[in-house]
Every structure is written in C-alpha cells, then in structure tokens.
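A, B, ... follow the sequence lines: proteins, then strands. Residue 1 opens every chain. As the structure is a computational prediction, the values presented were derived from the model and not from experiment.
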Number of protein chains: 2
Amino acid sequence: MISERCAACKNQRRKCPSDCIFSPCFPANDPQKFACVHKIYGGSNVGKMLQGIPTYLREQAANALYLEAKWRIHDPVYGCVGIISSLYEQIQNAEIELAKIQTQITFYKLQTQRVEAEPNSEVLQAQSSNMEQFEWDNPTIASWFN
Amino acid sequence: MISERCAACKNQRRKCPSDCIFSPCFPANDPQKFACVHKIYGGSNVGKMLQGIPTYLREQAANALYLEAKWRIHDPVYGCVGIISSLYEQIQNAEIELAKIQTQITFYKLQTQRVEAEPNSEVLQAQSSNMEQFEWDNPTIASWFN
C-alpha cells in the first residue's frame, strides 16, 4: 500500500518519496499552505530554500514562507513590508506619546517639589486640569488601554 | 546603437526589449537588486507578480520584493517574519511600560489631590522617591529617550 502523498507532491502530481523534503512541512491535509508558497516562490525555489536549512528548522521556515506568501497574495504591492512599515509607524507614535507623558511626569514632579517647598501654591490646581486635558486628547494611548 | 540592457535582462543574458517589464524596476546600475529577487523568487515569478500590478506601482512592488528577498537571504529561517515578530514584541513591551507609567501618573494625581486637601502630608516625599526608583529601573524607556 502506498502511503499518502504530501501536499507538495499531490500538487505536483508526483510520487512522494519516503525522504521527501516537503513532506514534514506540507502535510496532505493542508493543501492551501503549499499552494500559497508555490504561487509566490515556485515549488523548486521552496525546495532549494528548505534544503539549505537544518532539518529541525525546516518546518518553522516553511511556516514563515507561508505567512510571507499569504501577505504577498493579500497585498501584491507591499506584502509583509507593508506590515513592517505600519508597525514601525506604531512604534514611532508610541515614542511620541511616551515623550509627551514624560513631559507631563516632569511637570508633576516639579509641581510636587514646589508644593513641598510652598504648600499653598495655586499653580497645582491649574497643572492638574492640564493633565486631564492631555489624557482626553490622547486616543492612541486610550485605545491601548481599552 | 542598442540601448543598455536592464539588470534582469543582463542577468538572464537576453536582449532587453523596449517594453521590458523589468527595465523600470531593475536598472542596469544595480545588478544586486535583481540578483536577490531572482535567488528567492526566480525571475519568471517576479515577472508574473509585476505583470499583475498597475504600472505606476511596479517599482514600489519591486523594492518591497527586494527587501523581503534580502531579509530572507539574511535570515533563511524566518525572513521578514522574524522582523515582524520582533516589532510586535517591542510594541508589547511599550504597552507594559505605558501601563506602568499610567500607574505612576495615577499615584501622582492622587498625591497632588491629597496635598491639596492636606498640604503638609508626609506621603508625598515617599512617593517622589518611588518615582525616581521607577525611572532608574526602566532601561527600555531610558534607551528611547537617549
């Protein structure tokens, strides 16, 4: 009895050898996975890439290739570079928000120092209301904490 | 006189037609760009992908493919999926740091409210020194602002 062919060998309509390089990475029950990488890289390029990777890392490499291929099919212009740009942008925005918060913390610290030296200072109340305003104006941070 | 062949046609040792799909994306003076995408996707797959994209977006698509191919050559197991994971991790860490900072801000706010109600409170001084400690213990935020 011939054992079941892997998704790659099924797709390529060939016999699946016992030492098939695709078999551990592209199981027969997930034909979509091989179809995606085949569409973007071509089957023989995928085989060449897997060949250059230690056996124990091949499945992870195949999963990463599958994700990249899916993103490229989803966004044929930017692929996963589009995702990377958007994540960089998020980090940049977080840095801006953090810088704003650090400024606010510095104000609070100065304020508390002033209050320690001069307990009845009126500036404190004005500063507190500025802080409320800052938090309301800050949808990015708000969304992270919701 | 025959015009100079693009990097793709030079690599494939063929004549570069006037309507060559590779020519605007792979100029002759940057042979490395085509060599990279050729190694990962294969020349004909790159051609097929560009064919499916509107002309004005092809150069951007070729640049994204080049970046992905470079990352895949640099990291044959994870490629740009590795970069995406690391950026997600950075964002997650930033969220944790922000949550900590928000907690500190809440403390400060409560503190200033307490001082307003009770100007000579001794808790204020202890709180200020906690805040100093928090900032010293926070290398992620420190590195973002250096």
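Grouping the Ile, Leu, Val, Met, Phe, Trp and Tyr side chains by contacts below 4.5 angstrom, directly or via other members, places L65(A) with Y66(B). Following chains of ILVMFWY side-chain contacts shorter than 4.5 Å, one can reach V37(B) starting from I73(B), so the two form part of one hydrophobic cluster. The cluster map of Ile, Leu, Val, Met, Phe, Trp and Tyr, joined by side-chain heavy atoms under 4.5 Å apart, puts L67(A) and I91(B) in the same cluster.
The salt bridge (Lys or Arg N to Asp or Glu O under 4.0 Å) pairs that include a residue from residues 55-72 of chain B are E68(A)-R72(B), R72(A)-E68(B), where partners are two or more places apart or lie in different chains.
Near-neighbour residues of residues 81-89 of chain B relative to chain A, defined by a heavy atom under 4.5 Å from a heavy atom of that chain, comprise V81(B), I83(B), I84(B), L87(B), Y88(B). Inspection of non-hydrogen atoms places K39(B), I40(B), Y41(B), G42(B), N45(B), M49(B), I53(B) of residues 38-55 of chain B under 4.5 Å from chain A. For residues 20-36 of chain A, a heavy-atom distance under 4.5 Å to chain B picks out no residue at all.
For the atom pair CD1 of I105(A) and CD1 of I101(B), the computed distance is 5.0 Å after rounding to the nearest 0.5 Å.
Scanning both residues, A61(B) and P76(A), for their nearest heavy atoms gives CB-O, 4.1 Å.
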